[in-house]
Colleague: 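Following this message is one structure expressed as C-alpha cells.
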Amino acid sequence: MVEIELDGQKIEIVPGSMIMHAAEKAGSYIPHFCYHKKLSIAANCRMCLVDVEKAPKPLPACATPVTQGMVVHTKSDKAVKAQKSVMEFLLINHPLDCPICDQGGECQLQDLAVGYGDSYSRYDEEKRVVFHKDVGPLISMEEMSRCIHCTRCVRFGQEVAGVMELGMINRGEHSEITTVVGETVDSELSGNMIDLCPVGALTSKPFRYSARTWELSRRKSIAAHDSSGANLIVQVKNQQVMRVVPWENEAVNECWIADRERFSYEAVNAPDRLTKPMLKQGGEWKEVDWTTALEYVANGLRQVKSDHGAARIGALVSPQSTVEELFLASHLVRGLGSDNIDYRLRNAQFAAFEGVRWLGTSIASLSQLQRVLVVGSNLRKDHPLFAARIRQATRQGAQVHAIHSVQTDWALPVASFQVSAAYQWETLLSNVAAALAQELKIDSPFVGQVTPAATQVAKALISGEKKAVLLGNAAAHHANAASLLALANWIGQQTNASVGYLTEAANTVGAQLVGAQPQAQGLNALEMLQGGLKAALLLNLEPQHDTVLSGEAALSGLAKADMVVTLSPFKTNMDISDVLLPIAPFTETSGTFVNAEGRAQSFHAVVKPLADTRPAWKVLRVLGNLLDLDGFDFEASTDVLQKANLSADRLSNATAALVRYSDANEPAPVVASIYQLDGLVRRAPSLQMTADGRAAHELQGAQA
C-alpha cells in the first residue's frame with residue numbers, strides 16, 4: 001500500500017492508483033468531466049487539476065499516479081485557480097442555451113460552472129458552431145455545439161459496448177464527435193451514452209422536450225425483460241412514465257442498462273392498451289365491468305371442469321410475469337385439480353422437473369472469468385449486460401469459445417466459433433467431451449471425435465482457474481436440451497467450471513421456483529398449444545410471437561378450446577379469446593423478479609394502473625375467491641411473496657441425468673430477436689426503428 005496525504009488526511013491506497021482514486025476513497029470531491037470510474041483515463045478535460053507539493057504546476061488528478069509520501073491539495077488557491085481557468089476555457093465556445101436544454105437540471109457543466117465559473121466572460125468573439133447529426137431513433141445529437149470533447153461516449157463504445165459507434169475527427173476548434181458517414185447509433189447498449197454525457201450534447205430522442213428534470217418523480221424498479229435483473233429509476237410526471245435510467249448496483253448491472261430496458265416504457269402508453277374488461281358476444285367485443293367479466297370466467301371454468309374434467313383446464317404463462325402472478329396462476333390451476341401450467345413457451349423438449357435452471361454463478365463473477373464456453377446463444381443480443389461483463393473479462397485476457405448455428409458479431413474477441421445446424425450441437429459438445437477425456441486421460445460416457453476445434457476448446461477449459469460453461473436461450477429451447485445439459489455438466493465437472501443457463505426472461509428462475517410447470521402428469525406448453533385444452537388462461541403472452549409455434553399454428557390449437565381468457569395490458573389475442581382482462585404492466589404493479597443468478601428483487605408500482613386496469617395478482621386472487629378455492633386470502637403482493645416461499649437452497653447447479661436423445665429432424669430452436677422478446681418491446685416505436693428492430697421486421701416479411 002502507498003500512503004499519501006490528501007487535504008491533510010492520510011490515505012492508504014494500492015500502488016498504481018491515481019490521485020482521483022485516493023480522493024474518492026477519502027470522500028473528497030475533485031471536479032471532473034472526462035473521468036468516469038468505469039472507463040479508461042483520457043485526461044483531456046483538465047478540470048481535475050490539483051496542487052501536488054514539489055510539482056511545478058497543477059496536475060490532473062485522474063492521470064497522476066500516487067507515490068509514497070505525496071502531498072496533495074485539492075482546494076488550495078493554486079488548485080482552485082487552475083480549475084477556474086479550465087472552466088473559463090470550456091465555456092468560451094459553449095452556447096448559452098440552458099433555458100431550453102433538456103439536460104438542464106442534471107448537467108455536470110452547469111453544476112460546476114456555479115462553483116468554478118465567473119459571472120462574465122472575457123471572450124467576445126463568435127462562438128463555434130457544430131452542425132447537428134441524425135444518428136437514429138434513440139439518441140439526439142441536435143446540439144453538438146454543447147460538446148466539451150470529454151470523449152466519454154467514444155470510450156464507452158470502445159470499452160463497454162464493444163462497438164465504436166462514435167469517434168472524434170479533426171483537431172483544435174474543428175474537433176467534433178461524429179459517426180461514420182450515414183451510420184446510426186443504436187446498438188443494444190447505446191443509450192448509456194446519454195447518461196455519460198456531462199453536458200446536453202447527447203440526449204434521449206424519445207424523451208426530448210417532454211418534461212423538465214425537476215418536474216419528474218424518481219421511483220426505483222427492476223428491469224422486466226431479460227434475466228439480468230437490472231435496477232432502474234423510472235421517472236414519472238402526472239402519473240405517466242416519461243423516462244427510464246439506470247440505478248447503480250455493482251453486483252447486478254453496475255451503472256448500465258440495455259436499450260430495451262431504457263426505451264420500452266413507450267409501450268405502456270401504446271394506443272392498443274386494454275383499459276376495460278371485454279367479452280366477445282355474438283362475435284363482437286363489448287366492454288363490461290370487472291364483476292361481469294370475472295363471473296363469466298369463473299362460470300366458464302366450472303362448466304369446462306364439469307363437462308370435460310379438470311385435466312382439460314390449463315394456463316400458459318409468460319416468464320416475464322412476476323413471482324406473485326405466477327404463484328397465484330399455479331395455485332389457481334392446481335386448486336381446480338389440474339397440473340396444466342407451463343412457462344416454457346419456446347421449448348421444444350420438456351424434461352421432468354429436476355431442479356431450478358439458473359446461471360450457476362454470480363453475475364458479477366462473469367467479469368472475472370478466464371475461460372468461457374457459450375452454447376446456443378447470440379450473447380450480445382440475448383443478454384447485453386452479460387455480454388458486457390464477459391467483454392470486460394476478455395480485456396483482462398479471458399478466452400471465449402462458442403457453439404451456435406450462426407456466427408454473429410459479439411463485439412468481443414472470440415477464440416473459436418464452431419458454427420453448425422442446431423441438431424449437430426450435441427455432436428460438437430460430444431467432441432469436446434472426447435477431446436477433454438483424451439487430454440485428461442479418462443473415459444468419457446459420450447461418443448465423440450477428437451477434432452482440432454474440440455481440442456482447442458478442451459485445452460482452454462483445462463487451463464485457467466475461473467471458468468464457466470453457459471447454455472443460451474437456443475440451448476434451453478433445443479429439442480435435445482437435456483442431452484446438451486448433460487454434456488455441459490460432465491464437461492464442467494471435469495474442468496471445475498460452473499455450468500448454468502443464461503436464462504431467457506426476467507423471471508425464468510422465479511417461474512421454476514414457484515412451480516409454474518407441470519409437476520406430475522400435466523400437459524406441457526406445446527401440448528396445450530396444440531389443442532390439449534378446453535379452457536385456457538393466457539397470462540402476459542401472445543402465442544404467435546412468444547411460443548415455439550408461430551403464426552396461425554400458434555393460434556389454431558387454442559382456437560379449439562371452449563373458452564380462452566387473455567390477461568394482458570394490451571388488446572391482443574382477439575381472434576382466439578373469449579375474454580380480455582386488462583392487467584398492469586410492471587410499471588403499474590408491485591411484484592418480484594428472480595434474475596439469472598437467483599437474486600429475488602421486489603419492486604413497487606411507479607404509477608397508478610391505467611383506467612380500469614388491475615394488477616394481475618389481484619385479478620387471480622379474486623378469481624380464486626369466486627371459484628371458492630382455498631389459499632387466496634391475500635391483502636398485498638408481499639403476502640403472496642411470503643406464501644411463495646422463495647428459497648435460495650432450491651437452486652440447483654443446472655443438473656440433469658446423463659441421458660441422450662437424438663433426432664436428426666429436430667426443429668430449430670426458437671429465438672426471439674432482441675426487440676421481439678415480449679409485448680412491451682414489440683410496442684416501443686423507437687426500438688422498432690433501430691437497425692435490429694428493422695431487421696426483425698424485414699425477416700418476418702420475408703418469411704410471410
Side-chain angles (χ1 to χ4, degrees), residues 267 270-288 290 292-294 296-301 303-304 307-308 312-318 320-321 329 333 340-343 345-346 523-583 585 611-613 616 619 623 670 672-673 676-684 688 696-697 699-704:
D272 66 340
R273 273 296 299 269
L274 180 64
T275 57
K276 288 183 178 295
M278 299 181 73
L279 291 180
K280 185 186 289 183
Q281 297 177 337
E284 294 185 2
W285 284 100
K286 296 182 180 179
E287 293 183 348
V288 297
W290 272 105
T292 302
L294 290 176
Y296 181 93
V297 174
N299 291 333
L301 291 173
Q303 190 65 46
V304 169
D307 294 345
H308 305 283
R312 302 303 297 275
I313 298 172
L316 291 162
V317 295
S318 168
Q320 256 82 25
S321 305
V333 170
N340 303 332
I341 183 166
D342 210 343
Y343 77 93
L345 306 175
R346 294 188 172 102
L523 300 177
N524 61 49
L526 183 56
E527 291 169 333
M528 287 188 270
L529 285 166
Q530 290 175 332
L533 300 178
K534 286 297 182 180
L537 300 176
L538 309 182
L539 177 60
N540 269 326
L541 78 135
E542 298 168 290
Q544 68 272 35
H545 299 299
D546 298 326
T547 67
V548 65
L549 303 178
S550 60
E552 186 61 32
L555 302 176
S556 58
L558 290 171
K560 299 174 184 177
D562 292 347
M563 183 178 71
V564 176
V565 181
T566 291
L567 294 86
S568 173
F570 307 104
K571 294 178 180 177
T572 186
N573 304 336
M574 300 184 79
D575 291 341
I576 60 171
S577 297
D578 300 285
V579 187
L580 298 182
L581 301 179
I583 61 171
D612 281 348
T613 298
V619 175
L623 193 55
V670 177
S673 69
Q676 295 292 316
L677 181 63
D678 57 63
L680 284 173
V681 294
R682 284 194 290 269
R683 289 172 172 81
Q688 299 308 315
H697 286 291
L699 179 61
Q700 290 172 356
Q703 291 175 342

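For clarity, every value in this text was computed on a predicted model and none was experimentally measured.
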Colleague: Hey, does T572 have a side-chain heavy atom less than 4.5 Å from the side chain of T566?
Modeller: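 Contact flag for T566/T572 side chains = yes.
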Colleague: Taking the side chain as every heavy atom from C-beta outward, state whether N540 and D546 have any atom pair closer than 4.5 Å.
Modeller: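 Heavy-atom side-chain distance check fails, nothing below 4.5 Å.
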Colleague: Taking the side chain as every heavy atom from C-beta outward, state whether L529 and L558 have any atom pair closer than 4.5 Å.
Modeller: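 Answer yes - side chains close enough.
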Colleague: Once rounded to the nearest 0.5 Å, what's the spacing between atom OG of S321 and atom CG of L567?
Modeller: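 Between atom OG of S321 and atom CG of L567 there are 9.0 Å.
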Colleague: Could you tell me whether a side-chain N or O of D578 sits under 3.5 Å from a main-chain N or O of V564, the two making a donor and an acceptor?
Modeller: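 Confirmed, D578 side chain pairs with V564 backbone.
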Colleague: Is the backbone of L345 close enough, under 3.5 Å, to the side chain of D342 for a donor and an acceptor to pair up by distance?
Modeller: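 Answer holds: no.
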Colleague: I want to check something: taking the side chain as every heavy atom from C-beta on, are N573 and Q544 in contact at a cut-off of under 4.5 Å?
Modeller: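 N573 reaches Q544 side chain to side chain.
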Colleague: Tell me, do P543 and L538 make a side-chain contact under 4.5 Å, heavy atoms counted?
Modeller: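 Counting from C-beta outward, P543 and L538 do come under 4.5 Å.
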Colleague: Classify the side-chain pair Q688/H697 by whether it contains a donor and acceptor separated by less than 3.5 Å.
Modeller: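 Side-chain D/A pair, Q688 to H697: present.
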Colleague: Determine whether L580 and W285 make a side-chain contact, defined as any pair of heavy atoms from C-beta on separated by less than 4.5 Å.
Modeller: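 L580 reaches W285 side chain to side chain.
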Colleague: For residues S673 and A696, report the shortest heavy-atom separation together with the two atoms involved.
Modeller: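 Closest heavy-atom pair between S673 and A696: OG-CB, 3.5 Å.
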Colleague: To check you understand the geometry: which heavy-atom pair defines the closest contact between R312 and H308, and what is its length?
Modeller: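 What the structure gives for the nearest pair is CG-O, 3.5 Å.
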Colleague: Nearest 0.5 Å, what's the CZ-CG distance between R682 and L677?
Modeller: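 Rounded to the nearest 0.5 Å, the CZ-CG separation comes out at 8.0 Å.
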Colleague: Distance check, rounded to the nearest 0.5 Å: L581 atom CG versus L623 atom CG?
Modeller: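 Answer for the CG-CG pair, L581 versus L623, is 8.0 Å.
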Colleague: What are the two closest non-hydrogen atoms of K534 and K560, and how far apart are they?
Modeller: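 The answer is NZ-O, 4.1 Å.
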Colleague: Do Y343 and L541 make a side-chain contact, defined as non-hydrogen atoms from C-beta onward lying under 4.5 Å apart?
Modeller: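 When only atoms from C-beta onward are counted, L541 and Y343 do not touch, as no gap falls below 4.5 Å.
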Colleague: Do you know the tightest heavy-atom contact between L523 and G532?
Modeller: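 Result for this residue pair: CD1-O, 3.5 Å.
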Colleague: If I take atom CG from residue N524 and atom CD from residue Q530, how far apart are they, to the nearest 0.5 angstrom?
Modeller: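 The CG atom of N524 sits 8.0 Å away from the CD atom of Q530.
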Colleague: Just verifying a value: how many Å separate S568 OG and E542 CD, rounded to the nearest 0.5 Å?
Modeller: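 Taking OG in S568 and CD in E542, the distance rounds to 6.0 Å.
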Colleague: Of the non-hydrogen atoms in P582 and L274, which two are nearest, and what is the gap between them?
Modeller: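 In this case the closest contact between P582 and L274 is CB-O, 3.2 Å.
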Colleague: Any salt bridge linking K276 with D612? Criterion: basic side-chain nitrogen under 4.0 Å from a carboxylate oxygen.
Modeller: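 So K276 pairs with D612 through a salt bridge.
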Colleague: Taking atom CE of M278 and atom NZ of K571, what is their separation to the nearest 0.5 Å?
Modeller: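 Rounded to the nearest 0.5 Å, the CE-NZ separation comes out at 5.5 Å.
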Colleague: Tell me if a side-chain donor or acceptor on R273 pairs with a main-chain N or O of P569 at a distance below 3.5 Å.
Modeller: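 Confirmed, R273 side chain pairs with P569 backbone.
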Colleague: Ignoring hydrogens, what is the shortest heavy-atom contact between A270 and F570? Give both atom names and the distance.
Modeller: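 Scanning both residues completely, I find the closest heavy atoms to be CB-CE2, 4.2 Å.
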Colleague: Side-chain contact, heavy-atom cut-off 4.5 Å: L549 with L526?
Modeller: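 In short, these two side chains touch, coming nearer than 4.5 Å.
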